[in-house]
Amino acid sequence: MKNLSPTIGFVSLGCPKNLVDSERILTELRTQGYQVVPSYDNADLVIVNTCGFIDSAVQESLEAIGEALNENGKVIVTGCLGAKEDQIRALHPKVLEISGPHSYEQVLTHVNKYVPKPEYNPFISLIPEQGVKLTPKHYAYLKISEGCDHRCTFCIIPSLRGDMESRPIGGILDEAKRLVDSGVKELLVIAQDTSAYGKDIKNRTGFWNGMPVKSDLVTLCQQLSNLGVWVRLHYVYPYPDVDHLIPLMAEGKVLPYLDVPLQHASPKILKSMKRPGTIERTLERIQKWREICPEITLRSTFIVGYPGETEEDFQLLLDFLAKARLDRVGCFTYSPVEGAAANQLPDQVPEDVKQERFHRFMQLQQQISAEKLQEKIGKILPVIIDEVDEEGAIGRCMADAPDIDGAVYLNGENKVKVGDIVQVKIENADEYDLWGSKIA
Ligand code: SF4
């Protein structure tokens, strides 16, 4: 299968602190849609993360830069030796860009300049458009597999990235631990299909910290919960197995938040999309999830105006929304993606009808969202702080994923720090956001 993702080679030298920087850069590259490759030949660009601690480390770093230039030619340099730009340029004038240690954001900007990141497309991107810049220090995306075994007709991921390949569980847990050690307070677990994690490798037993660990999502979540940070699950395909995750949420091991992209509710449209599920079954499962974990936040995304969608199909979707009363909902109007099977389908929906359905959908969901947020007034909720300025602080409660959900505004509160998790009494709400005050 042809791989169209841009590819980056990575050489990491030096101490464990530098390794944490490397992990952080690699995580961000993967979440932006780059593929990290183990050889110079297949890379569109090579990053060398250098060490400059002692003379031998400087020498090793300079040699690594020279080798990357000889083997590939397109090289950017970061890390401790990057602080001595003149020394690097004297020996290797062809290096494209140089940055110092802990310059994650600069490294990503340099990579984007020479190897543009894959275009944002809501049908294929895992992270929100606003979130493709480097995540702040207190949260990070943790990608657990690449590719996808499904063949949803509107999506080209399988032809771009191939079938699903789960990462070894030990490697994921190593990365998670390093992220937590570097100050991350919230891990956002992502993959094209998070719930399928481990199925391609027959849930084989891996190792972490010398202990056997099975490669499946429930075990992964249990292990991640031991790191003592918020763990949020995204892109959980609606398999029956998902039911096993809900008790972990009820026990407080992972956040009571489930992002399950359902895409539609009409059986005819779901079948045409090659998506699973029936409305009745999905509603029953949602009810069961809420019985097991009453505080669960359910998020989903839907596509309106998919080819062949009649007014009746759309009405089924609105009826589903009204019954399911999901907490957070995203909606896209269908648009053809080059190479997707759905482009060939008859009965494409006119643009004005798509827009009209989108507005009716959003109107209903806004009302549901506003009602659900009103129920939070008077409650005391843990809130993770994302921003602090002279006007106050902005954070998120467990029900809010960064960039795609709402926010909690703490007007006048500037004694908190980014990354703090504080208790907040909720005093006000609108359709998407909450307002409250920190309590002692
Ligand atoms: S589950 Fe469907 S929509 Fe998601 S990546 Fe796989 S093929 Fe695409």
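We use all heavy atoms of the structure for the numbers below, so side chains are in, but hydrogens, waters and symmetry mates are not. All ligand and atom numbering here is 1-based and tracks the order in the structure. None of these values were measured; they are calculated from a predicted model.
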Q) For ligand 1, which atoms have a heavy atom of Arg275 less than 4.0 angstrom away? A)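 Listed by number with element, the hits are 1 (S), 2 (Fe).
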Q. What are the atoms of ligand 1, with element, lying closer than 4.0 Å to any heavy atom of Cys155?
A.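 Going through ligand 1 atom by atom, the ones under 4.0 Å from Cys155 are 3 (S), 5 (S), 7 (S), 8 (Fe).
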Q: Would you kindly specify which portion of Tyr235 sits under 4.0 Å from ligand 1, judged on non-hydrogen atoms: side chain, backbone, both or neither?
A: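 Neither; no heavy atom under 4.0 Å.
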Q) Between Cys148 and ligand 1, which part of the residue brings a heavy atom under 4.0 Å of the ligand: side chain, backbone, both or neither? A)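 For Cys148, the contact with ligand 1 is made by the side chain alone.
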Q. For atom 2 (Fe) of ligand 1, does an N/O/S atom of Cys152 lie at less than 2.8 Å?
A.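 It does; at least one qualifying atom falls short of 2.8 Å.
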Q | Closest non-hydrogen atom pair between His264 and Asp313, with its separation | A |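 Between these two residues, the closest heavy atoms are CE1-O, 3.6 Å.
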Q) What pair of heavy atoms forms the shortest contact from Ala176 to Leu224, and how long is it? A)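 In terms of heavy atoms, the two residues are closest at CB-CD2, 3.5 Å.
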Q: Decide if atom NZ of Lys199 counts as having more than 12 heavy atoms of other residues, nucleotides or ligands within a radius under 6.0 Å.
A: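 Enclosed: over 12 neighbouring heavy atoms sit under 6.0 Å from NZ of Lys199.
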Q: Determine whether more than 12 heavy atoms belonging to other residues, nucleotides or ligands lie under 6.0 Å from atom CD of Glu311.
A: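 Yes - once you tally the heavy atoms of other residues, nucleotides and ligands closer than 6.0 Å, there are more than 12.
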**Q.** Min heavy-atom dist Phe154 to ligand 1 below 4.0 Å
**A.**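 The answer is yes: ligand 1 sits under 4.0 Å from a heavy atom of Phe154.
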Q.
Any heavy atom of Lys274 closer to ligand 1 than 4.0 angstrom?
A.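 Checking ligand 1 against Lys274, which is what was asked, there is no heavy-atom contact under 4.0 Å.
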Q) Listed by chain and number, what are the ring pair (Phe, Tyr, Trp, His ring centres under 6.0 Å) partners of Phe358, not counting sequence neighbours? A)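 Result, ring pair (Phe, Tyr, Trp, His ring centres under 6.0 Å) vs Phe358: none returned.
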Q) Under 6.0 Å from the six-membered ring centre of Tyr139 and within 45° of its axis: does the NZ or CZ of Arg232 meet both? A)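 Negative - Arg232 is either too far from the ring of Tyr139 or too far off its axis.
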